[in-house]
Amino acid sequence: MAKSSQIFPIFILIVLFIIHVEKSQPLTCPVPSELTDKLNVDPAAIESASTDYGNIVHDKPAAVLYPSSAQDISSLIQASFNCSTPFGIAARGNGHSTRGQGMAYNGVVIDMNVLRDNRNGTGINISKDPLYVDVGGEQLWVDVLNATVTEDVAPVSWTDFLGLTVGGTLSNAGISGQTFRFGPQISNVHEMDVITGKGEFVTCSANNNSELFYAVLGGLGQFGIITRARISLGPAFKRAVWAQILYSNFSAFTRDQERFIAGHAKKEGNAISYLEGALLLDNGTPNTWRTSFFPKSDIPRITSLIKQHGILYSLEIANSFDELTNKAVQEEMKDFIKALSSKPDYIYHTNVSYLEFLNRVQIPDEQSQAHPWLNLFIPKSNISDFNSGVFRDIVLQRNITTGPVLFYPMMRNKWDNRMSVAIPDEDIFYTAALLYSSGLNEWQVYDDQNKEILEFCDKAGIQGKQYLPNYATKEEWTKQFGSNWTTFEQRKALFDPKMILSPGQRIFNTN
């Protein structure tokens, strides 16, 4: 009994210590008086800024800034920069990072959504001559789509889910089924306004402050906060013909994907030529939050094929059209299907509105779930090994995957080597996106699968790169950027020398 009474106080002390450690600390330096009323330390605000879509990492900031202008952002960064012990600062868009990349432990998270809500951001401003759109970094892509299509124009490169901010996707790359033709979203930016890690406002482009321009695009928020981006536009078409072709043969699946992108990469005009690939696994209905596509009457047949083969590979293609191009596009789709390298297991195509196609992905608010995602770029020369070693020997055998698994090719010549983003050194590489969902207390099982996949790639000599990377050590980050690591470090020293920005990426503040 005496022993129990001694253990209990010790237990209380341990609990109090843990609570103390997890509680955020005050900022290390004062901020300008004009920001005092805009810095929120309310527990609800702190909690919101310490949670993201992944629901795995929870780093509490000292405060959340609700800016009323870009000047507030600059003033906050300057306050940290001029401090003897700078505090970290992260720009948070719609909070769709999965590993705490948008967090700032004991620092300040800037809620960029406020600039959209109070209309004090750049907004969305369309120019017809020359043709482009100026967009605030805080704007959502779905709002950019809705604003531009009313003027019969639209950006040419997208992400699958449009509930993301412009600044957020441009800090990573921004990829989807148009990437093989138009490049990622970062390849379609003419100019940006950026606030650097010194608090300086800089307008940059390929010809003006180009070092900052290329650093920020795909730079994971390390060099500046994007407050405006000038983005390429093309015509907005009315309709899209949209098809999915299912294979049990991986080689036929990838061969037809590569034939499609080879035939459309240099296509004239700005009509959408879209291609993505995916895996259908025996983990529920083939219709997911990503694509509610197949007719209900065909679901039993597709489900039976999945059970028979273990994995079905889905080639998903689309072309947009208007009244003048309708016939030609429909014929082109028929010709492509006729010339498939082998008879597929299933084909279905439909005709949808342009808006319906681009806004096809609807992700529900899943605060009760975790999302331990893994996104990789795999060189074409390794895709067969990746299919057998990862998709079949790990994913299929573990049989725990819930959520879409994407796999489709891109062309390296559509990316700019001067930008910060890391990609494989081959002419064609594939994105492999394992977009898991799990219970809040079950994500570790999926993370163990992620680790097994990465270990297999390392042992098999697959020189892939992580997209939306998540690393814990400098050695891992150095390997990610390869020969460009020195340039990445030099740019950090130039534009954010006190390492203030985006501490949640854990690039320059690893243990």
Side-chain angles (χ1 to χ4, degrees), residues 48 52-53 66-70 72-73 91-97 102 109-128 131-179 182 184-195 216-217 221 225-240 270 272 274 289-290 320 352-366:
S48 176
D52 61 14
Y53 185 69
Y66 297 118
S68 60
S69 66
D72 289 342
I73 299 173
R92 177 187 172 98
N94 233 20
H96 268 264
S97 59
V109 171
I110 302 170
D111 189 339
M112 299 296 288
N113 286 326
V114 176
L115 292 176
R116 182 173 70 251
D117 296 339
N118 65 20
R119 300 183 182 277
N120 287 331
T122 299
I124 302 170
N125 301 290
I126 301 166
S127 167
K128 288 293 190 72
L131 186 60
Y132 62 78
V133 60
D134 277 330
V135 183
E138 75 285 347
Q139 297 296 317
L140 298 179
W141 283 105
V142 65
D143 295 328
V144 176
L145 173 63
N146 290 331
T148 53
V149 294
T150 61
E151 300 292 328
D152 296 321
V153 293
V156 296
S157 187
W158 295 93
T159 55
D160 284 333
F161 177 54
L162 302 186
L164 308 173
T165 58
V166 169
T169 66
L170 296 184
S171 295
N172 288 283
I175 62 172
S176 186
Q178 303 88 19
T179 302
F182 295 106
Q185 290 181 316
I186 56 174
S187 293
N188 293 277
V189 178
H190 299 298
E191 181 180 276
M192 292 183 292
D193 289 338
V194 173
I195 303 174
V216 169
L217 293 172
I225 294 175
I226 300 168
T227 59
R228 176 186 66 91
R230 180 166 291 176
I231 297 166
S232 298
L233 294 175
F237 291 79
K238 302 300 182 185
R239 308 285 301 176
N270 289 292
I272 283 183
Y274 163 97
W289 55 256
R290 178 176 170 269
S320 58
V352 297
S353 74
Y354 180 82
L355 279 174
E356 183 182 355
F357 174 74
L358 287 179
N359 203 23
R360 65 196 175 278
V361 175
Q362 300 296 320
I363 299 179
D365 184 9
E366 298 175 325

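We use all heavy atoms of the structure for the numbers below, so side chains are in, but hydrogens, waters and symmetry mates are not.
Residues A173 and P184 approach most closely at O-CB, 3.7 Å, considering heavy atoms. A154 and V149 get closest at one heavy-atom pair: CB-CG1, 4.4 Å. In plain terms, the two heavy atoms of V166 and G136 that are nearest each other are CB-O, 3.9 Å.
Between T169 and H96, every side-chain heavy-atom pair lies at or beyond the 4.5 Å cut-off. Two residues are said to be in side-chain contact when any heavy atoms from C-beta on lie closer than 4.5 Å; I73 and L115 meet this criterion.
The aromatic rings of Y274 and F357 sit perpendicular to each other, their planes meeting at more than 60°, with 30° as the lower class boundary.
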From CA spacing to verdict: side-chain contact (heavy atoms from CB on, under 4.5 Å), Q185, T179: CA-CA 8 Å; Q185 290 181 316; T179 302; over 6 Å; no

Criterion side-chain contact (heavy atoms from CB on, under 4.5 Å) on L355 and N146, from CA distance to verdict: CA-CA 8 Å; L355 279 174; N146 290 331; 4.0 Å; yes

Audit row: I126, L233, side-chain contact (heavy atoms from CB on, under 4.5 Å) steps and yes/no: CA-CA 9 Å; I126 301 166; L233 294 175; 4.1 Å; yes

Criterion side-chain contact (heavy atoms from CB on, under 4.5 Å) on I226 and V216, from CA distance to verdict: CA-CA 8 Å; I226 300 168; V216 169; 3.6 Å; yes

Full working for side chain to side chain donor-acceptor pair (under 3.5 Å) between W141 and T159: CA-CA 8 Å; W141 283 105; T159 55; 5.2 Å; no

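Under the side chain to side chain contact (heavy atoms under 4.5 Å, CB included) criterion, A91 pairs with M112, I225, sequence neighbours left out. Every residue meeting the side chain to side chain donor-acceptor pair (under 3.5 Å) condition with R239, not counting sequence neighbours, appears here in chain and number order: N351. Under the side chain to side chain donor-acceptor pair (under 3.5 Å) criterion, D52 pairs with S97, sequence neighbours left out. Residues satisfying the side chain to side chain donor-acceptor pair (under 3.5 Å) criterion with S232, sequence neighbours excluded, are H190. For the side chain to side chain donor-acceptor pair (under 3.5 Å) test, residues two or more places apart in sequence or in another chain that qualify with D193 are T203, R228. For the side chain to side chain contact (heavy atoms under 4.5 Å, CB included) test, residues two or more places apart in sequence or in another chain that qualify with A147 are I124. Residues passing the side chain to side chain contact (heavy atoms under 4.5 Å, CB included) test with N113 are N94, D111, R116, D117, T165, sequence neighbours excluded. Judged as a side chain to side chain contact (heavy atoms under 4.5 Å, CB included), and not counting sequence neighbours, the contacts of D72 are L35, K38, P67, S68, S69.
The main-chain N or O of T227 is found under 3.5 Å from a side-chain atom of T122 such that the two form a donor-acceptor pair. Judged purely by atom type and a 3.5 angstrom limit, N188 uses its side chain to pair as donor or acceptor with the backbone of F182. Judged by distance alone, with hydrogens and angles left aside, the side-chain atoms of Q178 form a donor-acceptor pair with the main-chain N or O of W158 at under 3.5 Å.
Counting only residues at least two apart or on different chains, the salt bridge (charged side-chain N to carboxylate O under 4.0 Å, His left out) pairs with a member in residues 148-157 are K128-E151, D152-K238.
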